[in-house]
Amino acid sequence: MVTENFIWGAPRIYSELLKFGYTKNQISQITRSRYLKKIRPDDPDKTKGKRQQWKIFLKNHRQYILGMDFFTVPTISFKTLYVFFIIDNARRKIIHFNVTEHPTAEWVVQQLRKAFPFGGDDILISGKSDL
């Protein structure tokens with residue numbers, strides 16, 4: 001089961017074994033995870049070195065990638081300023097930035113239009129913020 005379903009982890013294998021009729025007294029998820037590394041080969045397809053990792057993808061395509069961020073800055077007078085900026089990853093140059101106290105969706109769209117007056121590609125990759 002481990003070698004045929006390489007991406008399955010210990011919880012998934014444990015639940016599959018329970019479906020086959022094993023009881024919780026016969027197997028445990030902790031035991032399964034201990035033996036998982038012994039049973040599973042490191043790289044069954046020998047593709048780990050051949051697959052393009054995220055860091056390599058970014059390096060190969062940096063001339064086409066722009067970074068965009070939206071963050072807050074507290075001021076000494078206890079106001080909150082919202083900063084929006086776009087940076088070119090290839091040249092490490094700030095393309096556009098602006099600051100406001102009251103951001104709206106219309107304001108963000110206006111900033112994008114100012115940064116890309118001639119339009120741009122229709123692709124936006126959005127990363128999840130850790131807020």
Side-chain angles (χ1 to χ4, degrees):
M1 190 181 301
V2 174
T3 56
E4 291 175 6
N5 303 298
F6 188 69
I7 60 172
W8 286 7
R12 175 77 185 261
I13 292 171
Y14 176 71
S15 65
E16 292 295 322
L17 289 173
L18 291 177
K19 289 179 187 177
F20 282 133
Y22 290 97
T23 63
K24 292 182 181 184
N25 295 334
Q26 292 174 319
I27 58 168
S28 74
Q29 185 175 342
I30 296 169
T31 305
R32 186 80 222 140
S33 63
R34 267 191 228 140
Y35 292 105
L36 193 60
K37 289 185 180 180
K38 293 179 182 179
I39 296 170
R40 177 183 287 162
D42 288 336
D43 192 10
D45 301 329
K46 305 293 184 219
T47 57
K48 187 175 183 180
K50 296 177 186 176
R51 279 184 268 151
Q52 189 177 51
Q53 302 296 321
W54 182 247
K55 187 176 179 179
I56 295 169
F57 172 82
L58 291 176
K59 184 179 178 184
N60 290 339
H61 297 89
R62 70 177 161 219
Q63 69 243 25
Y64 307 110
I65 298 174
L66 300 175
M68 181 170 55
D69 200 1
F70 201 110
F71 59 91
T72 60
V73 177
T75 65
I76 197 155
S77 60
F78 300 106
K79 290 183 181 179
T80 301
L81 297 177
Y82 297 87
V83 181
F84 175 84
F85 79 94
I86 300 173
I87 188 169
D88 183 358
N89 288 337
R91 297 182 291 156
R92 296 182 184 172
K93 182 179 177 183
I94 295 176
I95 293 177
H96 180 79
F97 77 95
N98 206 341
V99 180
T100 185
E101 285 187 36
H102 306 287
T104 62
E106 293 81 16
W107 181 82
V108 174
V109 170
Q110 179 186 8
Q111 300 312 307
L112 289 170
R113 287 188 181 140
K114 285 182 181 179
F116 306 105
F118 303 109
D121 293 327
D122 297 333
I123 299 172
L124 174 65
I125 299 173
S126 176
K128 183 179 178 184
S129 176
D130 51 346
L131 293 177

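Note that this is a predicted model, so its numbers are computed, not measured. Note: hydrogens, waters and symmetry copies are ignored here, and every other heavy atom, side chains too, is used. By convention here, the first residue in the shown sequence is residue 1.
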Spatial distance of atom [atom1] ([X]) from atom [atom2] ([Y]) [nearest 0.5 Å]:
X	Y	atom1	atom2	answer
T104	Q110	OG1	CD	8.5 Å
L66	Y64	CG	OH	12.5 Å
I95	K114	CD1	NZ	15.5 Å
Q111	F70	CD	CZ	8.5 Å

Handout entry: Residue pair K93 / I87, side-chain heavy-atom distance below 4.5 Å
Key = no

Transitive ILVMFWY side-chain link [X] to [Y], under 4.5 Å:
X	Y	value
F85	V109	no
L112	F71	no
Y82	F97	no

If I compare all heavy atoms of [X] with all of [Y], which pair ends up nearest, and what's the gap?
X	Y	result
Q63	A90	CA-CB, 3.5 Å
R62	D88	O-OD1, 4.4 Å
N98	H96	CB-NE2, 4.3 Å
M68	I86	CG-CG1, 4.0 Å

Practice task
Kindly determine whether L81 and T75 satisfy side-chain contact (heavy atoms from CB on, under 4.5 Å), including the steps that lead there.
Solution key: CA-CA 7 Å; L81 297 177; T75 65; 3.6 Å; yes

Problem - Neighbour count above 12 (heavy atom, 6.0 Å) for Y22 OH - result: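 No, not enclosed.
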
